[in-house]
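For clarity, every value in this text was computed on a predicted model and none was experimentally measured. Residue numbers start at 1 and run along the sequence shown.
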Amino acid sequence: MSGSRREPRQPLLHDLTTVVHAPLSALSEHSGQIRAHGVQGVFYADCRVLSEAVLRVDGYEPEPVTQVLDGPHTARFTALARGSGNARPAGEGPLGLAEEIRLGTLRVDRVRQLTSDGLVEEIAISSGGDQTVPTVVTLTLGCDLAPMGEVRWGATGAALPARASGTGLVWANPGTEVRVDADSATAEPSPAQLTWSVDVPAGQVVTLRWRVRVATSAAAVTAPRGTVEWSRPEVDADDRRLVRLLTRSLDDLEALRLADEATPGDTFLGAGAPWYLTLFGRDSLWAARMMLPVGTRLAAGTLRTLARRQGSRVDPDSGEAPGKILHELRYGGLFAVRGGDEAVAYYGSIDATPLWISLLHDAWRWGMPEADVAALLPNLRAALDWLAGHADPDGDGFAEYLDQSGRGLANQGWKDSDDALRFRDGRQANGPIALCEVQGYVYQAAVHGAALLSAFDLPGADRWQRYADDLAERFRARFWVDGPDGPYPAFALDRDKRPVDALTSNIGHLLGTGLLSDDESAHVARALATPSMSGRYGLRTMATDNGGYDALSYHCGAIWPHDTAIAIRGLARAGFGATAARLAEGVLAAAEAFRYRMPELYSGDDWPSGPVAYPAACHPQAWSAAAGIAILEAALGLEPDVPAGELRLRPMMGAPLGAIDARGLRIAGTSVDVAVDRDGVVTVNGLPDTIRVVAPSVPHIPTQPAEKRSVAR
């Protein structure tokens with residue numbers, strides 16, 4: 001409507017270049033320009049420390065040519081400054097690019113590198129002409145110190161005044177100082193600008209440098225100490241896309257390393273840039289779990305960081321409860337929780353606690369030192385008690401959630417958007433909600449907890465094994481529903497204990513938890529393999545024939561790489577290698593289209609030309625990057641049990657991804673080489689003498705689907 005004012009909206013990310021060195025991130029146009037618009041800027045944790053950095057040469061913006069990511073923390077931008085150089089001779093017509101370059105058009109290369117406390121950028125200006133080109137280079141700067149919570153929803157902060165300081169500029173508010181310096185530049189505070197007057201000799205390069213340094217006490221997270229906690233395996237594969245995906249993903253994972261301000265020696269992965277560059281219980285746990293084939297140190301740091309903030313009291317506003325693992329850590333406050341000038345934990349997650357237990361167990365099996373495991377056993381026991389207590393407020397035997405504050409997350413599983421919980425006909429479900437995959441997580445956590453208690457001679461193992469057995473029977477009786485193509489587990493139970501009968505990707509998380517029988521796993525595998533679920537680029541979050549489906553819906557139709565990778569791991573272990581391989585092919589095809597930086601999610605469309613971007617998806621995203629490691633693990637079929645001195649090998653049958661050779665994986669802290677050939681034969685070299693390869697138990701895979709089960713109402 002003419003004259004109407006549009007409400008602020010979440011800025012889009014798909015057309016921006018993101019560089020990360022957590023807790024720093026820089027988001028710019030593909031040209032390298034940072035404009036005072038949307039979510040562009042340089043951020044330290046949840047604060048935008050630079051809102052503008054626009055480069056001009058002789059008063060004109062260079063015209064972009066290309067941009068590339070270069071390693072974990074660097075981007076390169078190339079452009080041409082065609083307004084520089086000698087004037088066109090009088091009376092001549094338009095010039096071609098080759099003639100413009102001869103007459104002095106300048107090439108501009110910006111190399112932007114993030115550090116643990118700021119940004120360093122080199123601007124290399126070169127001339128292909130035959131004469132020296134005098135030029136004036138300016139960099140217009142801005143700073144608003146806007147909080148991410150406002151930037152995310154489209155608010156634009158007011159530009160703060162700069163003050164001159166030596167050869168640079170400074171912006172500050174209580175708790176934060178941003179300093180920009182430059183070599184050989186003139187700094188003007190109003191408007192904030194750096195200016196270089198230079199001569200560019202023919203055939204030579206002039207390099208200009210400027211840097212940003214941030215000092216702040218207003219952050220919940222910090223850069224970790226020490227070197228990267230995992231190995232970087234050398235991988236050869238018949239499918240080179242897997243190699244390229246692993247290379248980019250390991251760079252992105254390195255860029256996302258973070259630590260808690262209180263314990264900078266323990267590293268975890270920030271969930272994703274820019275919205276979630278902080279500690280997330282669920283995301284950080286899943287990413288560390290997928291990363292176990294390259295080492296257990298990340299898992300140890302993640303477990304300890306979360307254990308230090310494990311719930312100790314009942315607080316409806318924050319969702320805290322004794323033994324519960326947090327959902328999210330933010331500076332100053334989140335949802336109904338307000339903490340002033342400090343880090344605040346929000347606990348609105350139904351799945352972080354069982355996932356914490358299973359990460360502790362799996363890290364132990366991969367070789368996490370027993371002393372490190374033993375130190376966390378009190379936290380394990382508290383987490384187990386939460387499962388059967390506060391996680392089940394009505395005592396029906398299922399873990400469920402309800403936001404009691406009315407101001408937190410309405411949905412508290414991994415699909416946490418407000419509209420995620422839908423019946424098959426599209427109606428939304430009302431809470432309390434018991435999610436299907438959470439029952440699988442809880443079952444597995446109980447079994448894993450029992451194994452740890454038994455191994456460390458602590459009481460309670462029998463109790464938790466019985467708890468798991470009973471949960472499996474309850475799940476079998478209440479969750480299964482009949483669909484057009486056969487039975488499958490319902491998405492959830494609603495407040496009236498009715499099965500929410502949408503067919504969703506959540507059921508893929510049940511595979512490998514032990515909750516399902518072999519026949520039930522076959523039904524899940526069949527449901528996941530249907531065309532309505534398995535798309536060209538991975539596993540859709542909801543089947544296309546469900547009433548709530550939308551290809552661009554955050555949780556009701558889009559594809560999430562981590563979600564697909566979890567299903568791939570489960571399918572491979574359950575013996576459904578062909579289905580797992582089809583999903584892996586979809587992820588690899590998407591990876592190629594996204595230049596191997598896997599976004600948080602993308603559309604469920606099946607366009608042959610390539611996947612459709614989800615415009616507000618984080619990239620990089622921790623569990624999306626870790627999905628490549630999960631696919632590698634599934635293809636190789638590694639199942640170590642270091643405490644028992646065993647390694648089981650269960651590669652995808654028939655080696656559907658081709659031959660793979662991975663050198664430098666980590667088992668029991670030792671570098672191990674694992675290869676699978678085109679016939680599916682696995683060889684392992686470098687195992688410690690204390691570990692032997694044993695034959696895995698082979699799951700029973702029904703040749704025909706089991707009969708449809710009756711559904712309890």
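Residues Val20 and Leu256 meet the side-chain proximity criterion, which asks for heavy atoms closer than 4.5 Å. Side chains of Ser116 and His21 form a contact here, defined as non-hydrogen atoms less than 4.5 Å apart. Taking 4.5 Å as the limit, every side-chain heavy atom of Thr541 sits out of range of all side-chain heavy atoms of Thr504. In this structure, the side chains of His619 and His14 stay at 4.5 Å or more apart for every pair of heavy atoms. Considering only heavy atoms from C-beta on, Leu384 comes within 4.5 Å of Ile357 through its side chain. Lys324 has its side chain out of reach of Gln310: every pair of non-hydrogen atoms, C-beta onward, lies at least 4.5 Å apart. Counting heavy atoms from C-beta on, the side chains of Thr564 and Tyr537 never come closer than 4.5 Å.
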(message) If you apply the rule salt bridge (charged side-chain N to carboxylate O under 4.0 Å, His left out), what do you find for Arg330 with Glu342, and how did you get there?
(response) CA-CA 8 Å; Arg330 294 286 186 176; Glu342 61 182 2; over 6 Å; no
(request) Could you walk me through whether Arg304 and Asp260 pass salt bridge (charged side-chain N to carboxylate O under 4.0 Å, His left out), step by step? (result) CA-CA 10 Å; Arg304 287 193 291 262; Asp260 190 333; over 6 Å; no
(request) Just do the side chain to side chain donor-acceptor pair (under 3.5 Å) check on Ser349 and Gln412 with the steps written out, would you? (result) CA-CA 5 Å; Ser349 164; Gln412 298 185 0; over 6 Å; no
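No hydrogens or angles considered: nothing links the side chains of Arg597 and Ser249 as a donor-acceptor pair under 3.5 Å. In this model, no donor atom of one side chain and acceptor atom of the other lie less than 3.5 Å apart for Asp117 and Tyr44. A side-chain donor from one of Thr263 and Arg308 sits under 3.5 Å from a side-chain acceptor of the other. Counted by atom type alone, Ser505 and Lys415 present one or more donor-acceptor pairs between their side chains at under 3.5 Å.
Under a 4.0 Å N-O distance rule, the pair Arg289/Glu633 does not qualify as a salt bridge. Here Asp70 does not pair with Arg112 in a salt bridge; the nearest charged N to carboxylate O distance is not below 4.0 Å. Of the charged side-chain nitrogens involved, at least one lies within less than 4.0 Å of a carboxylate oxygen, so that Arg248 and Asp252 count as a salt-bridged pair. Classification of Asp641 and Arg648 as a salt-bridged pair fails, no side-chain N sitting under 4.0 Å from a carboxylate O.
Between the Gln444 side chain and the Leu515 main chain, no donor and acceptor come within less than 3.5 Å of each other. With hydrogens and angles disregarded, no donor-acceptor distance shorter than 3.5 Å links the side chain of Ser312 to the backbone of Pro322. Between the side chain of Arg257 and the backbone N or O of Thr227 there is at least one donor-acceptor pair closer than 3.5 Å. Proximity of a side-chain donor or acceptor of Ser624 to a complementary backbone N or O of Pro561 within less than 3.5 Å is not detected. Judged purely by atom type and a 3.5 angstrom limit, Thr305 has no side-chain atom pairing as donor or acceptor with the backbone of Thr302. Side chain of Arg282 to main chain of Gly413: a donor-acceptor pair is present (N/O by atom type, distance under 3.5 Å, no hydrogens or angles). Side-chain atoms of Ser284 come within 3.5 Å of backbone N or O of Leu269 as a donor-acceptor pair. Of the possible polar contacts, none joining the Trp275 side chain to the Arg152 backbone as a donor-acceptor pair under 3.5 Å is found. Within the 3.5 Å criterion, the main-chain N or O of Thr176 finds no donor-acceptor partner in the side chain of Thr216. Within the 3.5 Å criterion, the main-chain N or O of Tyr554 finds a donor-acceptor partner in the side chain of Trp560.
Ring-plane geometry between His509 and Tyr441 is classed as tilted, the angle between the planes lying from 30 to 60 degrees on a 0 to 90 degree scale.
Between Ala655 and Val676, the shortest heavy-atom contact is CB-CG2, 4.4 Å.
Screening Leu298, Asp362, Ile629 against Leu292 for a side-chain contact (heavy atoms from CB on, under 4.5 Å) leaves a single residue, Asp362. Screening Thr18, Leu16, Val39 for a side-chain contact (heavy atoms from CB on, under 4.5 Å) involving Pro274 leaves a single residue, Val39.
Checked against the 6.0 Å centroid threshold, His448 and Trp364 do not count as a close aromatic pair. Ring centroid separation for the pair His327 and Phe280 comes in under the 6.0 Å cut-off.
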